[in-house]
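Report on the following structure.
Just so it is clear: chains get the letters A, B, ... in the order the sequence lines come, proteins before strands, and each one is counted from 1. This is a predicted model, so every value here is computed, not measured.
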Amino acid sequence: MKLHEYISKQIFARYGVPVPQGKVAATPKEAGKIAKKLGGRVVIKSQVLVGGRGKAGGVKLAKNAKEAETLAKSILGMEIKGLPVRKVLVDPAIDIASEIYLGITNDRAARQPVIIASAAGGIDIEEVARTTPEKIIRAHVNPLLGLQDYNIRDLSIGIELERKHWPAFHEICKGLWEAYRDNDATLAEINPLVISGAGELIALDGKMIIDDNALYRHEQLAELRDLDAEAPTETEARKYGLTYIKLDGEIGCMVNGAGLAMATMDIIKLFGGQPANFLDIGGGADAEKVAAALRIILQDKNVKAVLFNIFGGITRGDEVARGILEAMNQVKPKVPMVIRLVGTNAEEGRALLAEAKMITAETLAEAAKKAVAAAKS
Amino acid sequence: MKLHEYISKQIFARYGVPVPQGKVAATPKEAGKIAKKLGGRVVIKSQVLVGGRGKAGGVKLAKNAKEAETLAKSILGMEIKGLPVRKVLVDPAIDIASEIYLGITNDRAARQPVIIASAAGGIDIEEVARTTPEKIIRAHVNPLLGLQDYNIRDLSIGIELERKHWPAFHEICKGLWEAYRDNDATLAEINPLVISGAGELIALDGKMIIDDNALYRHEQLAELRDLDAEAPTETEARKYGLTYIKLDGEIGCMVNGAGLAMATMDIIKLFGGQPANFLDIGGGADAEKVAAALRIILQDKNVKAVLFNIFGGITRGDEVARGILEAMNQVKPKVPMVIRLVGTNAEEGRALLAEAKMITAETLAEAAKKAVAAAKS
Amino acid sequence: MGILAGKNTRVVVQGITGREGLFHSERMLEYGTQVVGGVRPGKGGEWVLDGKVPVFDSVKVAVDATGADCSMIIVPQSAAPDAMLEAADAGIRLVVCLTEGIPIQDMMRIRAYLDFKGVQLIGPNCPGLLTPGETKIGFIPGDNAIPGNIGVVSRSGTLTYEVLYALKLVGLGASTCVGIGGDPVKGLNFIDVLQMFEEDPLTDKVVMIGEIGGTDEERAAEFINQNMTKPVVSFIAGRSAPPGKRMGHAGAIVEGGEGSAADKIEALKQAGVQVADHPEQIPEFIGK
Amino acid sequence: MGILAGKNTRVVVQGITGREGLFHSERMLEYGTQVVGGVRPGKGGEWVLDGKVPVFDSVKVAVDATGADCSMIIVPQSAAPDAMLEAADAGIRLVVCLTEGIPIQDMMRIRAYLDFKGVQLIGPNCPGLLTPGETKIGFIPGDNAIPGNIGVVSRSGTLTYEVLYALKLVGLGASTCVGIGGDPVKGLNFIDVLQMFEEDPLTDKVVMIGEIGGTDEERAAEFINQNMTKPVVSFIAGRSAPPGKRMGHAGAIVEGGEGSAADKIEALKQAGVQVADHPEQIPEFIGK
């Protein structure tokens with residue numbers, strides 16, 4: 001789960017990372033007030049969970065409070081990559097001498113957190129990694145030890161940081177690490193970490209992604225989820241413990257298991273169709289869950305057919321069948337339904353489904369072909 | 001460094017361990033007031049850093065506030081094993097159903113913290129370990145992982161704790177662990193942890209020992225040192241970075257290195273003398289330190305001779321010699337001084353010392369024999 | 001005996017008293033798995049599944065009483081990290097963790113600790129393993145697979161059943177099937193299992209089922225190229241998945257220009273691996 | 001080559017720019033130790049000891065530049081834990097930590113980590129090691145010992161010099177002398193070093209110097225009894241120490257009915273070890 005810039009920076013600040021003394025505003029008037037209080041030039045930054053805000057015109061410099069209000073008004077009316085701007089961050093403008101990249105993420109292959117720094121900050125770090133990989137300095141952190149002072153020194157040495165900045169950089173790395181660790185982040189990033197004209201290190205921008213699997217122990221963070229950043233059906237699906245991702249095709253999919261759901265999407269495409277969604281009903285799905293899943297799939301008006309692919313393991317065929325029957329009863333779908341049911345309690349499930357009028361298939365390929373055909377009819 | 005019961009319990013309480021709602025008093029009047037506020041029967045407990053307070057009459061039960069004041073008066077006037085009672089803890093009397101021992105310490109051999117529990121609480125745990133070792137349940141804690149829930153369950157199972165008490169015991173173990181870890185304790189002990197008549201678990205007594213080596217990062221704890229618990233000369237020695245332990249003999253020792261200091265004491269005894277002290281001037285001892293050491297040794301009126309045994313390694317012989325000369329100048333000792341100086345810069349040291357009138361020796365045995373003889377003369 | 005477990009493997013089930021724990025333990029008993037005990041703190045002394053399986057308060061007590069050498073974990077998300085560490089410290093040599101939703105920072109610590117203890121872990125967020133005709137430890141429906149000479153290793157659950165079932169339909173069987181799980185940080189990885197299959201005299205061919213996210217398949221391709229003599233057939237799920245979206249499994253995401261199905265398929269093909277277009281094509285490829 | 005280091009051992013000194021760091025590095029250079037570099041964060045690029053030794057910002061940089069395989073740590077108390085871990089992660093195989101006063105909880109974590117990395121640690125709170133005629137890494141005054149066939153291992157610093165000196169006076173020399181340090185949790189222990197001496201072709205006899213506190217000597221006695229063929233002579237310091245008092249060294253305390261000199265001496269005698277009454281008696285015993 002991504003956190004907004006202003007929330008990430010608030011968290012960083014709690015761990016002693018210096019951030020600009022700005023505030024967030026939901027109206028142009030508020031933005032003007034904040035700018036007045038700050039005095040001098042300010043930066044108005046749209047708070048949306050996508051990259052490229054600057055290029056899209058979502059970050060502007062204002063000379064004074066009046067201009068701040070005007071610019072905030074225009075930014076608060078924008079949509080950036082489809083997301084409405086509901087809040088802007090009003091930060092004092094900082095005199096920038098140089099820019100550093102600093103981030104902590106999980107290195108899957110090494111099974112360790114890795115703290116990454118680069119003297120080439122302020123720009124897309126993946127771009128730096130591609131074009132000038134030698135400018136990216138990495139220090140792995142042993143997960144049983146946590147960040148050690150020498151990890152930080154390795155970074156300071158690697159990015160050739162002027163020695164007078166070592167102590168400030170040290171404290172910022174420690175703060176960022178604690179923010180990453182305490183909040184179960186999968187990414188905690190400062191880009192850019194600027195060195196101001198006055199020689200101070202300040203986190204100008206901030207980004208955090210929280211491990212969805214850890215939200216159960218971070219209730220306050222879980223409440224900060226920005227629902228604008230996902231389709232309303234995705235939000236609804238989560239309530240039922242379903243993973244649903246909306247796509248652009250015409251064949252709705254309901255599958256148990258993430259791998260099989262992907263394979264089902266793939267095979268639809270292989271046979272000339274386009275999947276309308278990814279949907280994993282998860283392990284041990286019961287009737288209520290399946291009914292909810294069907295409702296969610298059918299909210300997508302592009303859907304011309306639905307393919308059920310259920311392979312019983314932890315999920316039992318009879319339960320899924322009952323769920324489908326119940327859902328059919330509630331939703332009364334108008335589109336053709338193709339079903340394939342195999343595995344644990346599949347026979348019981350098939351027996352239950354005999355009464356419903358559904359197109360049945362034995363193999364996945366057959367099911368996919370029938371769904372593609374049904375959608376075209 | 002040992003902490004008083006009331007401080008240990010305050011620390012435990014901060015980590016969620018239930019403790020009696022008592023308070024500490026320095027005067028009988030204060031004690032009476034606390035007892036009045038608490039209401040009902042109270043326990044008056046002397047706060048001194050020795051075991052066996054109960055047997056020595058330092059713990060008494062009072063029926064009411066008036067009796068509390070009277071008993072506090074008598075206890076506050078006591079000395080227990082040579083230590084004056086300056087404070088008493090006034091705790092509400094608890095109705096005890098059963099008593100558990102719970103403690104965390106460092107297992108040197110296993111190089112791990114170990115959490116120890118016993119259903120035979122309330123009495124000396126070392127005695128239990130000797131007589132009925134099967135009643136002692138130990139769970140080692142991996143130092144890189146910290147205490148895990150299953151460690152605690154192993155204890156609950158091992159001491160056959162009634163299952164209804166598992167959740168409360170769990171929280172107490174976790175709290176005790178955090179108190180141990182965060183405060184660099186070498187011992188964090190609740191004895192007894194009582195189960196009250198009402199079925200509540202309460203830490204009736206508490207004891208913590210803090211790792212002296214870690215006090216540099218626990219300034220607030222370091223300030224709590226009870227100077228009553230050590231000889232004033234030991235306190236003075238610590239100021240100079242010296243380790244001094246007062247003993248009962250007549251030959252003062254000044255040695256560099258703890259092992260050599262012990263060996264020096266041992267050989268004095270072997271040749272018929274008694275060491276007056278252990279004193280390690282440490283590594284890299286300079287003139288000021290040596291002078292302070294000599295003053296401290298000579299404050300002990302039993303001292304009839306002083307033996308200097310200096311083997312230069314990190315400590316350099318010339319520096320020690322200069323220290324001795326300076327100290328002789330300041331202190332003008334009346335007792336005979338025997339010196340043996342070997343190792344790094346020993347020759348320079350010996351040259352410097354040639355002017356002082358001291359008994360010199362080549363070997364440790366010779367030095368010890370001369371010191372024993374000098375003390376008897 | 002499969003590469004990891006066989007008919008003599010003695011399994012204790014952590015979380016046996018839960019609904020799913022009971023259901024799957026019963027399936028395992030039916031299959032012939034030696035479920036010698038269950039663990040549920042606070043319920044030690046009870047018996048479950050018609051008095052066939054004793055419940056213990058801790059893994060240590062269970063191991064002492066039953067001689068279990070393998071633990072299957074099917075406990076709630078928040079209890080799973082402790083359960084894995086408990087199993088490792090109780091002398092279990094093989095831990096199979098089915099539980100889903102364990103935070104990645106926990107998994108990094110747990111994996112480091114288990115490596116240190118020399119304990120093998122399968123999962124978490126996995127369907128477990130199956131040695132057809134001998135034992136099943138986890139969710140994999142036993143009747144979908146017959147004994148044979150094909151080693152199967154997969155990041156997916158149901159997709160694995162799909163492949164086993166497709167193999168069975170044409171009379172092909174599996175030596176061992178290992179579902180390594182869909183999390184980004186886990187126990188055994190493709191390379192570990194491929195190595196075991198390469199050394200296993202009962203395995204002649206290998207099916208490897210990957211998916212988008214991470215670079216495990218690329219590293220497996222390198223390993224196959226350099227170290228494997230047995231033929232490997234593969235399928236990679238997620239060719240139609242959009243980048244930046246987590247496709248159900250915590251580890252199934254294309255991000256930072258890494259983890260696409262195309263890259264993985266390319267790497268595998270370079271290593272001489274036949275890559276199927278859909279799961280039911282695998283029997284055809286492996287049969288050749 | 002001694003059991004742990006020899007004339008080819010390349011040493012980097014962490015904390016070389018401090019007063020003690022400089023003093024002892026100079027003594028080591030005089031002795032012939034290959035002090036190939038020093039480390040002091042923020043002072044990389046400087047040279048010390050008349051331009052003989054380069055200073056680096058980190059152990060990693062120093063190892064890359066000099067090929068050092070051993071690190072000697074002589075930094076302040078609060079910097080020592082980090083220094084040990086840094087050395088281990090930089091590929092150093094032998095860490096000698098002289099620094100005193102490291103909290104025991106830190107040492108438990110550090111030791112667990114170094115074990116995991118397979119890095120050997122001597123100390124902390126130790127005088128280091130000496131291979132007479134070849135190399136000295138630490139405080140042990142080189143001119144107190146001559147090369148010979150006696151292995152010396154000790155928990156003490158100056159008491160070790162005392163013994164080496166006493167041996168030298170009667171013409172006896174040491175193969176290697178290891179000061180393992182006076183802390184309760186440390187790197188190499190008596191048993192580890194005794195094992196190395198037992199296997200070392202250049203060592204014929206062993207001197208072991210123990211002291212009160214803990215049970216290391218008792219365990220060493222058991223090891224000697226079961227595994228050693230070479231004669232061992234011992235001295236245990238602290239027979240006159242009162243119980244419950246920490247005698248200078250963090251580990252030198254008789255507590256909980258454990259760690260008395262009498263117990264240790266008894267255990268060693270039972271194991272056939274000759275125990276001297278005072279250090280200068282050792283040459284007489286070992287000469288026999």
Side-chain angles (χ1 to χ4, degrees), chain B residues 105-106 108-109 111-113 125-126 129-130 142-144 180-181 184-186 211-214 216-217 243 245 247 249 255-271 274-275 278-280 282-284 309-316 342-344 346 363-365 368, chain D residues 19-20 23-24 27 77-78 98 100-109 111-113 127 139-141 144 154-162 165-166 182 184-185 209 211-216 219 235 237-242 245-252 256-257 261 277-280:
Chain B
T105 184
N106 307 315
R108 289 171 66 145
R111 298 185 300 270
Q112 293 191 326
I125 197 68
E126 283 165 21
R130 246 188 313 276
N142 184 285
L144 293 174
Y180 158 88
R181 181 196 62 194
D184 269 304
T186 58
D211 184 353
D212 286 320
N213 281 347
Y216 77 92
R217 59 188 177 199
T243 310
I245 295 166
L247 302 170
V255 189
N256 67 319
L260 191 58
M262 280 188 272
T264 305
M265 285 160 47
D266 293 349
I267 201 169
I268 286 170
K269 206 166 173 183
L270 187 71
F271 291 129
Q274 288 291 343
F278 169 94
L279 192 148
D280 174 10
N309 185 18
I310 307 295
F311 212 110
I314 188 167
T315 307
R316 296 166 224 168
V342 203
T344 309
T363 69
L364 175 52
Chain D
R19 183 169 164 276
E20 298 297 334
F23 178 80
H24 288 287
R27 297 289 89 73
Q77 174 189 30
S78 61
L98 311 179
E100 178 178 6
I102 300 170
I104 187 170
Q105 292 195 22
D106 286 3
M107 273 318 300
M108 293 192 289
R109 281 187 287 269
R111 176 67 202 272
Y113 186 71
F139 301 146
I140 306 176
N144 284 323
S154 171
R155 275 170 71 185
S156 168
T158 44
L159 182 51
T160 313
Y161 318 159
E162 187 73 58
Y165 183 69
V185 172
I209 301 158
E211 64 188 30
I212 55 164
T215 56
D216 288 355
R219 284 179 296 143
F235 173 75
R239 283 196 275 192
S240 57
K245 289 279 187 181
R246 207 168 287 280
M247 305 303 279
H249 285 162
D277 283 331
H278 63 88
E280 288 160 339

**Study point:** Exercise: identify the closest heavy-atom pair between Pro103(D) and Tyr216(B)
**Key:** CG-CE2, 4.1 Å
Review point. In terms of heavy-atom pairs under 4.5 Å, which option from Gly213(D), Ala252(D), Pro279(D), Gly257(D) contacts chain B the most?
Key: Gly213(D)
Review point. For Ile245(B), is it the side chain, the backbone, both or neither that has a heavy atom under 4.5 Å from a heavy atom of chain D?
Key: side chain
Practice item. Of all the heavy-atom pairs spanning Ala185(B) and Gln105(D), show the shortest one and how long it is. Key: O-NE2, 3.0 Å
Review point. If you tally heavy-atom pairs under 4.5 Å against chain D, which of Asp211(B), Asp266(B), Thr243(B) wins?
Key: Asp266(B)
Study note, to complete from the structure: Greatest number of non-hydrogen atom pairs under 4.5 angstrom with chain B, of Ile102(D), Ile209(D), Thr215(D), Thr160(D), falls to Ile102(D)
**Study point:** Partner residues of Arg109(D) under the side chain to side chain donor-acceptor pair (under 3.5 Å) criterion, sequence neighbours left out
**Key:** Asp106(D)
Practice item. Can you tell which part of Ile125(B) gets under 4.5 Å to a heavy atom of chain D, answering side chain, backbone, both or neither? Key: neither
Point to revise | Spacing of Phe271(B) atom CZ and His278(D) atom NE2 [to the nearest 0.5 Å] | key: 4.5 Å
Check your understanding: What part of Arg217(B) is in contact with chain D, defined as an atom under 4.5 angstrom from a non-hydrogen atom: side chain, backbone, both or neither?
Key -> side chain
Exercise for review: Check whether Gln112(B) gets within reach of chain D through its side chain, its backbone, both or neither, counting any heavy atom under 4.5 Å.
Suggested key: backbone
Exercise for review: Look up atom CG in Asp280(B) and atom OG1 in Thr158(D), then write down how far apart they are to the nearest 0.5 Å.
Suggested key: 7.0 Å
Review point. To the nearest 0.5 Å, how far apart are CD1 in Ile267(B) and CZ in Arg239(D)?
Key: 10.0 Å
Study note, to complete from the structure: For Tyr113(D) and Leu144(B), the nearest pair of non-hydrogen atoms, with its separation, is N-CD1, 4.1 Å
Check your understanding: So which of Ser78(D), Ser240(D), Gly238(D) has the largest heavy-atom pair count under 4.5 angstrom toward chain B?
Key -> Ser240(D)
Practice item. Tell me, out of Ile104(D), Val185(D), Asp216(D), who's got the most heavy-atom pairs with chain B below 4.5 Å. Key: Ile104(D)
Exercise for review: Examine distances only and state if a side-chain atom of Glu162(D) and a backbone atom of Phe311(B) form a donor-acceptor pair shorter than 3.5 Å.
Suggested key: no
Check your understanding: Quick one: what part of Asn144(D) sits under 4.5 Å from any heavy atom of chain B, side chain, backbone, both or neither?
Key -> side chain
Exercise for review: Could you grab the distance from atom CE of Met265(B) to atom CE of Met247(D), nearest 0.5 Å is fine?
Suggested key: 3.5 Å
Revision key, fill the gap. Applying a strict 4.5 Å limit to non-hydrogen atoms, the region of Asn309(B) in contact with chain D is side chain
Review point. What distance separates Lys245(D) NZ from Leu247(B) CG, expressed to the nearest 0.5 Å?
Key: 8.5 Å
Review point. Any idea which of Gly157(D), Gly214(D), Pro242(D), Ser154(D) has the most non-hydrogen atom pairs under 4.5 angstrom with chain B?
Key: Gly214(D)
Revision key, fill the gap. Bottom line for Thr186(B): the part with an atom under 4.5 Å from chain D's heavy atoms is side chain
**Study point:** Interface moiety of Ala261(B) toward chain D, non-hydrogen atoms closer than 4.5 Å
**Key:** neither
Point to revise | Arg108(B): partners by salt bridge (Lys or Arg N to Asp or Glu O under 4.0 Å), with sequence neighbours left out | key: none
